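The structure displayed is predicted, hence computed values, not measured ones. Both ligands and their constituent atoms are indexed starting at 1 by order of listing.
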Amino acid sequence: MKLGFEESQTGYSSGSQKAKAWTEAWVRAWAYCPHCGGAKITPFPNNSPLADFFCPTCSEEFELKSQKAKFGTRVVDGAFKTKCERLASQNNPNLFLMNYDLQSLAVVNLFIVPKHFFVRDIIEERKPLAVTARRAGWIGSNILLSQIPESGKIHIVKGGVIRPKDAVLGEWQRTLFLRDQSLESRGWLLDVMKCVEALGKRDFTLDEVYAFEERLAKLYPGNQNVRPKIRQQLQFLRDRGFIEFVSRGNYRLRS
Ligand SMILES: [Zn+2]
C-alpha cells in the first residue's frame with residue numbers, strides 16, 4: 001500500500017472533483033476488503049445510489065466518504081429514508097471514511113465503520129432542503145460518528161501510518177457477532193459497549209458499568225430493569241469473546 005495519489009489521472013478542473021477522482025482511484029488501487037481480506041475492491045458503475053465499491057470475492061458493499069478535514073461528530077450522508085430502509089437489509093454498505101492532505105496529495109487517515117454498527121440511533125434526519133433548492137423538500141441524513149463505539153471505527157491508515165492488515169482483519173472479526181443480532185438488541189449491546197469503552201481501561205468491574213445506569217435509563221425510558229439488562233449484555237459480550245470474565249464482578253476487554 002502506498003499513501004500517495006496518482007495526480008496525472010484526472011482531467012477535472014474543480015478541486016472537489018479532482019479530490020473525488022483521486023480518492024476513488026486510490027481505493028481502487030490500494031484498499032483491500034476488511035471482511036474477507038481480498039486484495040481488491042471494485043467500483044460500482046456510476047450513480048449507484050448508496051454504495052461505491054464492492055468486494056468481488058465476498059460481495060460486501062462499501063460507501064466512501066472523503067474530505068480534507070478530520071471527521072468530527074457527524075458525517076453528511078445520503079437520503080434519510082433510503083438510509084433507514086437499508087439498515088435492515090443484507091447489502092447495507094460498510095462506510096469508508098478518508099482524510100487526505102492536498103499538500104502532500106496523500107491519504108492521512110482511513111477508517112471503516114462496519115455495517116453492523118449501523119442502528120437507527122446513529123442516523124440523524126436533516127432538515128428538508130429549502131423550497132428554493134434544486135431538490136426542494138429532499139431530506140438528507142447525518143451519520144453520528146460520536147454515537148459509534150470505538151471498536152466500530154477500524155483504522156487502516158492512522159496519522160499517515162499504514163496499520164498491519166492482520167490487525168485490521170482481526171478487529172473486523174472481533175465484532176462480527178453483531179450481525180446476527182436484530183437491530184433492537186444491537187442497540188443495547190452497542191450502548192453497553194460504549195459504556196465499557198468509556199471506562200478507558202482493560203480491566204473493569206460490574207459496579208463501574210452500573211455507574212452508567214442513569215444514562216442508559218434515559219436512553220431506554222420504558223425499561224425498569226437496567227441493571228439486569230446490563231448484566232445480560234455483558235454476558236452476551238463474554239460469550240462472543242468481546243470481553244472475558246475474570247472473577248465475580250470483574251471483567252476484562254479482550255483485544
Ligand atoms: Zn471480501
What I want to check is whether the side chains of Asp191 and Tyr220 have a donor and an acceptor closer together than 3.5 Å.
yes

Carefully, step by step, assess Glu24 and Arg28 under the rule salt bridge (charged side-chain N to carboxylate O under 4.0 Å, His left out).
CA-CA 6 Å; Glu24 285 178 0; Arg28 216 160 45 230; 5.3 Å; no

Can Tyr210 and Arg231 be counted as having a side-chain donor-acceptor contact under 3.5 angstrom?
yes

Specify whether Phe5 and Tyr100 have parallel, tilted or perpendicular ring planes, treating 30° as the upper limit for parallel and 60° as the lower limit for perpendicular.
perpendicular

In Å, rounded to the nearest 0.5 Å, how long is the span from CG of Asn142 to CD1 of Ile122?
11.0 Å

Give me the number of protein N, O or S atoms whose distance to the Zn ion (ligand 1) is under 2.8 Å.
4

Just checking, any donor-acceptor pair under 3.5 angstrom between side chains of His155 and Arg163?
no

